Structure formats: C-alpha cells, structure tokens
2 protein chains.
Amino acid sequence: KDDEAAQARRAGQISMQSRLDILLSHPALLSICYFLALTLVVALLLWLPISSRTHGFTSPHIAIFTAISALSTCGIPVVNTAIHWTMFGQAVILVAVQLGGLGVMTFASMISIAASRHLKVTQRILTATELGATKLSEVKSIINVVLVSTFLIEAITFAALFPGLYRASNGRLGRTVWQALFYAVSAYNNTGFTPDATGLLVNSWSVGLPIMLSAFCGTLGFPVILNIFRTARARRSPRHWSLHTKLTLFTTFALCVVAITWFLANEWDNEDLFYGADDSRRFRCALSAAVMPRSAGFDITWVPQVTEQTKVFMSGMMFIGTGSSSTGGGIRVTTFAVLLLICRAAFTNHRDITVFHRRIPRQVRIMAVSVAVTCLTIVYFGAIALIITTHCSFGDAIFEASSAFSLAGYSVGVARTDTPVSMYILAVLMLVGRLGPMTIAYTTSKTKPHSVVRYPEEPIGVG
Amino acid sequence: KDDEAAQARRAGQISMQSRLDILLSHPALLSICYFLALTLVVALLLWLPISSRTHGFTSPHIAIFTAISALSTCGIPVVNTAIHWTMFGQAVILVAVQLGGLGVMTFASMISIAASRHLKVTQRILTATELGATKLSEVKSIINVVLVSTFLIEAITFAALFPGLYRASNGRLGRTVWQALFYAVSAYNNTGFTPDATGLLVNSWSVGLPIMLSAFCGTLGFPVILNIFRTARARRSPRHWSLHTKLTLFTTFALCVVAITWFLANEWDNEDLFYGADDSRRFRCALSAAVMPRSAGFDITWVPQVTEQTKVFMSGMMFIGTGSSSTGGGIRVTTFAVLLLICRAAFTNHRDITVFHRRIPRQVRIMAVSVAVTCLTIVYFGAIALIITTHCSFGDAIFEASSAFSLAGYSVGVARTDTPVSMYILAVLMLVGRLGPMTIAYTTSKTKPHSVVRYPEEPIGVG
Ligand SMILES: [K+]
Ligand SMILES: [K+]
C-alpha cells in the first residue's frame, strides 16, 4: 500500500517535472504564461471595490479587458479612466502600462537578477528576443540600458509637461504631479490612457508637444535608441548606424510625411472637425494625427469625426505600426519596408533585395512575409468576428480590429460593455498583437528537424 | 531650304523609328497598346445608335466602361445588358468577351499567324507569358490547343444549356440559340454578363449546373487544362501532373469547400435571401456562391441581400481569385498558396518552401509576394478613391474594388452612371486586373543590368 502511494507520488512528481520541461522547452509558452499571470493579478486588483469610484465591484469583463488593454499598452478604454477608476485603480493601470512597455520578459529578468543575480539561458533567450538584442551575453547590460533610457525619457517628459499642466489645473500641485506622471508613462509606452475625463489637451503646445515627442521616441523601438546612443557615444557619424536603425528611421519619417499630407489634404475643410479653427490648429491636429495613430492613441475625441477615407487610411497606418521591439505594435515599419523592397526587386528584375548598400537575408524576408500575411489574416477575421457579434459596418470593424491588434488604442465604439464577446475579441487581438503572432505560432507548432532530403525545384505560375 | 526639309523629315522618321523601338523593347507596353486599341474599337461600336435600344448615341462613359468590362472579362454592368443593348450591341459585347478571354496577345498572335504564318520573337514572348507557357517554340501549337479547348468547352456548354433554356423560353428557338450562345461564351470566359433582364436562372439546375461547371473550368487556367489533357493522353496517372496543376487544383478545391461551409453557416437563416426556401435551394445557392464569386460573377441579384460578414468574406475570395493564366483575375490561387507555404515554413522553422515533394524557387516566391502586396495596395487605394468620389461605406468600396480588380463582376451599386469618375476608377482597376500589375510595372520601370557588386548581408528585426 505504502509502496503504491509512493509510486503514485513519484509518478505525479515526474509528470509535474515533465510539464515544467515542456514549458521550458517552449520558451514562447513561458512568455504567454507570464503575461496571463500578470493579467490575472492586474484584473483582480481592478475588480476590487478599492479601484472603483462607485465603491462596488467592477464587472469582471471590464476589469479583464482594462488589464489586457493596459498590459499590452494598447489603451482602448471601455470606461472613462478618470471617471470610473479611483486613484488606486489608476495607479494599478499605470504600473501595468509600465510593465507592459518594458516587456513581460524584461520584467521577469529584472526580478531574476534582483533575486539571484543570475539569468537562466531560456530567460536570456526570451529577453533577448523581446528586446531585439542579438548577443545573449549582452542581455544583462542591455536591461540596464533599457531601464535607464525608459526612466530618463519619462523623467524628461514629466519635467516638460509640468509647466503646461500646472497652468491648466489652475495651480493644483498634487493633481499636476499625478497627471504629469500619468501622461509621461502613458506617452513613452504609447498607451494613450488619459487621467483627464475630457481627454488630451491637444490645443496646448506645452502639453501636446512633449507627449508627441515622447511617444515618437517610444515608436522607434529600443534597438534603434540603443544603436543611436552607442554610435553617438563612440563619436561616429550616422553613416555607422545599423541597417535596422536606418531602415526604421527612414520608413518612420516617410510614413509621418505621408500621414501629415493625407490629413491636411483630406480634412482641411472638415467642418465637424475644424469648425471655426485657424490654420495653426489644423497643422497641430495634422501633426498629432500623423504621429499618434501609429501607436500612441491619445486624443481620441476627434476620431469619430474624421471622414470615412481618413478612417480607412488610419486603419492602414495602424496596421503598419511602429518599430521592432518598441512599445507599439502592428506588423512593424521594418516588415513593411522589406515588403516594399521585395516589390522593388521584382519590378526591376533584381536578384538581391538590397537597401542602404546591404542585402536583406533570406530568413528576414521569409519572416517579414509570414508576419504580414499572418497579421492581415488575424485582423481580417477579427473584423469579421466583430461584425458578427456587434453588427457594425466593415469600416468600423476593421478600424477597431486594426487599432486593437496594432495596440494603437483608438476606438470608434465597436467594443461596448453590453456585449462582453466583442470585448473579448478585442482582448485576444491585443494579446496576439503584444506577444506577436510568431510567439503564439511557435507555442503551438512543433519545430521539425531539418530534413536531410532536399526536394528538386519546380517553377509554378503566380500572379 | 529643301535640304532642311529633308533633314527634318528624316529626323521625324528617326524619331518615329525610335519610338517604335521603345514600344518593341517594352513588350508589356505593346500589350497595353493592343488592349487600349481594342477598347477604342469596341467602345466606338457600342456608342453608335445601332447598339442601343433607344436608337440614340449611348453616353461615351457607359460605352467605354462596358467595353473595358467586357474585354477584361470582368462583366460589371452599369446598364442592364438585355434592356439597354440591341442584338448588335450584345453581339459586340460577346465578341469582346471572347477576345478578352482568349487574351489580347493570343488574339494578336492568331492574326499574325493567319496573315504571315510567322510570329516575331517579341510576340512569341508576350503570348507565352499570357498563356503561362514556358517554351517559346511551343507557342504556335499551344495557341491551337487554346482555341480548340476554348471552343470545345463552349460548344459542350452550349449543348448542355439548350434544353433548359428552350423550356424556360417557352419554345422560342431563335431566342434560345442566342441565350445559349451568350451564356456559353460568358460562362467559360468568366464574364457574368447575362442576356436576360432578370439575371441568371439559378433556380433551375439544367441552366445553373452547365454554367457553373464551365465557369469552374475557366477558373483553373489554361496551363492546368493543357497539363491534365497531356497527362491523360500519355495515359499517366495524376501523380505526374505538374506542381502548378496540383497546387492550383488543391487550392481551388480547398477554397470552394471553405466558401460553401461559410455560406451555409452564415446565410442559412438569412430571411432576406431564403424567405420560404427549402434546403435544396439553400445548397444550390451555397454551391453557386462558392464557385461564382471567385470570378464568374453571374446571378448578381442576391448579392445586396447577404450579410455584411459574407460581403467581407466574398471580397477576400474575389481578391484571391482564380488560377494563373485563366479567364479570371485576382492575385491567383497559386500566389495565395505560396504565401501560405511561406508562413508554414516560417512557423515550423524550415529553410525551404516545399510542397508536393517539390521546392518553390526563389524567383517564384519573390514574384508571389510582390504580386500580393501590389494588388492589395491597388485595391486599398482603389477603395479609398471610390469612398472619396461616391461617399460610400468602406465595406461597399472594398467589395466593389475587389470585384473590379479581380474581374469577378459582382456589384453593390457603387459605380453609377451619374458619377462617371467612379466608373473610370473601376475601369482602371479592371484594366490593371486584366493586364496584371507586373505588366504595368515593367512598362514604367527600367530594368537595370545585374550589378557586379554584391552587398554584404545584414539582419534586421521584423515583426
Ligand atoms: K496605444
Ligand atoms: K467576371
């Protein structure tokens, strides 16, 4: 009898051990587990009466949705942040945003280092992937740079925002400090939650400009910031920037120019948006509409008033998104650039895909194509699911799905608290958008060993 | 004085000659010129009073639109074919459809062969490209097979349609012959024009089934039909089919199964569509909805009644389209298959893109990606242009743009005769859809010689 019990216990231990092995041999699964565990904690805190101004329990759907929205740095609100949540609830959201912006694996690594000054290889690989680092040995030092640069930029944003917000709040110091802190964290992490019931004060340059610049830095992605910083420290010219930095910066600026031009050309005479506004207001709005939609998602008040074509255009910009390993989402500007480069090579009959005197490796091309195709499929079926559940139009559905998946955070009101299913569709889109479709695909697929047989090539007709 | 005149004349001749040289050195440009010349002739004939039942000149916009719609085998009507056009007008449309279906270059080659029993190399290359043939020496014999198979399938369809139409027209022989001919040509060429004011009689199997099967053969594409025919003649098993044939058939059947399932799942309880209908009617409609939307575009009466999600799904199916070198359009099923195969390789970490024990060559992959990206961009901006000109919703705009570009021929009524600009946007989409984005890109771009320098590779972060 005792023997049997011992054996059963041992079998249980082995099965537990093998389950852990599976988890560790599927690093992507570990990422997802971390994320879901954090979601649970944040949702639980938001659900408690202490988080709600009504002093009652918040609906669990709303708590879970807000937790995922904050942790994924998407920032689509289903309740007004300033009106529904207490100071405690807002603080929980803010911490979640910061954790999400740093990246769950980076956060886990920080804890590991703090606890044991040691990082396991799996942990190292995951963090390196999340931060876009190439050398495993660098992970520890890179985490330090991430922390320093994040808090430095947030501190600068805080300081820059202070005077404008102080004036706007009529000299209330406590309120100003809280708002400046909230905006500073929310801006660099591209989340778009606002601590003000009326939304962002875009009419004031002293508040709008620091937020815009901070959000713009966040969209470049950490590898770009690190590369620029290191090149500058070595006193080398921008010519020595990495290909990734050059391509990200070039594509980002090109997209901003296109977006400003589009907005001015299409919305200049929009009476709903610019009733009685002067030219300077129009330019400010265009600038904010060019930088924000790709990921920040602040200033949501004007979105429902833009023309249908601008909504469609914005959906496209949100889908392209921000830089790799940034606080934003989307297919990433480099993916978009690689697709365009492939087209250029095909049109001009070139064998190599080249840019800035460098060749794009085969593996990068395959990854770019599969990321784009997978993301498009996810957004397409996400939009269809929203149509089925809420009977909204395709234009609204694709806008909302792009916004959720690309972590942009704008909303045309498709997700409503009275249809929890639509909230969960958006939540899944945000989750996939934050972790990346590749992470999830790696979790479910088995990596087969390289096959020894190499099949012969055979051309087919396409297009 | 005389000298100067002679010099000027000679200069004029030289410039004329060099212009011809440019035309011939840009074979794609020649394709476009042929197509535009044919459009002009057809539009002119349709414009004349003899083509219109009102005995007056038809609006030139409508004449040009209908000419392009027929020649591109798209078949979107802006006026009711049976009500607006006379017998002569309908005959002009039918000839245009047949020319468009054969392909303008194939047609030009036929004329060349008839006139001089000789084909220039440029002409050979263009025709081979159009027909998806790989050997230039085969062009002449392939043209014969194209002609024979086209007219054979059309004749069979004609014979199969005759009894059902004879019964439907209450025994009027002349009318039956004309309708059967019109349907037979229209079905195999996937055009979707109907000689009947009320549209296609989908309720009758005896009319619906031959049209459906004929349209299905047309969607496979000529290379597939030729390959199956040759393999059968050599008494070899389907295992010896080419990779192109296998991939086209597999993807086409898979898409049909998905479409039938989708339609039944989403429209089964649609009261607008199936008021008081029995199950057999529902299955018939689903079958037609699965085969037709990818290119045939018959039976347009029910389209406005489907749910929003089915419209979105149909837009996607139309965008994927038919087989390469077929009478249909879209990005082609093989392009779609290659994209999915690239995703599979990326997810399972494979180095090669393989299917059916064959490797997809690099050039095919690059072509597939660039075709898909270019087509998506064209449809996206085409839809935006439609929104700007007609103020329609994004759902309707993307449906109409996909339909025009993919030559499917369905319409939700965005193109109206009172806004000529919207008609021309659709006309351009059809033109690009028929000629292929690559043809047009090759016309405008200069093919640079292969560069001797090969740049070093540098990885970047994507996705
Ligand atoms: K955001
Ligand atoms: K068609």
Side-chain angles (χ1 to χ4, degrees), chain A residues 132 223 242-244 247 308-309 312-313 316 324-325 331-332 334-335 338-339 342-343 345-352 354 357-361 364 366-371 373-374 380 383-384 387-388 393-395 398 436 438 441 445 447-448 450 454-463, chain B residues 132 223 242-244 247 308-309 312-313 316 324-325 331-332 334-335 338-339 342-343 345-349 351-352 354 357-361 364 366-371 373-374 380 383-384 387-388 393-395 398 436 438 441-442 445 447-448 450 454-463:
Chain A
S242 70
L243 180 62
H244 179 79
L247 205 56
E308 179 86 359
Q309 65 260 32
V312 175
F313 178 79
S324 233
S325 305
I331 60 167
R332 321 292 179 190
T334 38
T335 309
V338 170
L339 291 183
I342 292 177
C343 288
F347 286 148
T348 55
N349 225 344
H350 270 72
R351 211 165 67 88
D352 291 338
T354 54
H357 304 291
R358 288 288 181 282
R359 201 145 41 92
I360 308 279
V364 171
I366 289 181
M367 196 53 97
V369 172
S370 49
V371 164
V373 171
T374 314
Y380 178 75
I384 286 182
I387 291 173
I388 293 175
S393 76
F394 181 52
I398 204 89
M438 286 299 151
S445 74
T447 305
K448 288 183 207 157
H450 278 298
R454 221 178 167 201
Y455 296 119
E457 283 196 343
E458 186 178 330
I460 58 169
V462 291
Chain B
S242 69
L243 180 61
H244 178 78
L247 205 56
E308 178 88 358
Q309 65 260 35
V312 175
F313 179 78
S324 232
S325 306
I331 60 167
R332 321 293 178 189
T334 39
T335 310
V338 169
L339 292 184
I342 292 177
C343 289
F347 285 148
T348 56
N349 225 345
R351 211 166 66 89
D352 291 338
T354 56
H357 304 290
R358 288 290 180 280
R359 200 146 41 94
I360 308 278
V364 171
I366 290 182
M367 194 54 96
V369 172
S370 49
V371 164
V373 172
T374 314
Y380 178 74
I384 287 182
I387 292 172
I388 294 175
S393 76
F394 182 51
I398 204 93
M438 286 300 152
Y442 285 146
S445 73
T447 306
K448 287 183 208 157
H450 278 299
R454 217 170 171 208
Y455 296 118
E457 282 195 344
E458 187 178 333
I460 59 169
V462 292

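Chain letters run A, B, ... following the sequence lines, proteins first and then strands; every chain starts at 1. None of these values were measured; they are calculated from a predicted model. Worth knowing before you read on, the calculation uses all heavy atoms, side chains too, and leaves out hydrogens, waters and symmetry mates.
Taking 4.5 Å as the limit, some side-chain heavy atom of B:Val369 sits within range of a side-chain heavy atom of A:Leu339.
Contact count against chain A (heavy-atom pairs under 4.5 Å) is highest for B:Phe394 among B:Phe313, B:Phe394, B:Tyr380.
Between A:Ser370 and B:Ile342, the closest heavy-atom pair is CB-O, 4.3 Å.
Legend: residues meeting side-chain contact (heavy atoms from CB on, under 4.5 Å) with B:Gln309, ordered by chain and number and at least two apart, are A:Ile384, A:Ile387, A:Ile388, B:Trp262, B:Asn266, B:Thr307.
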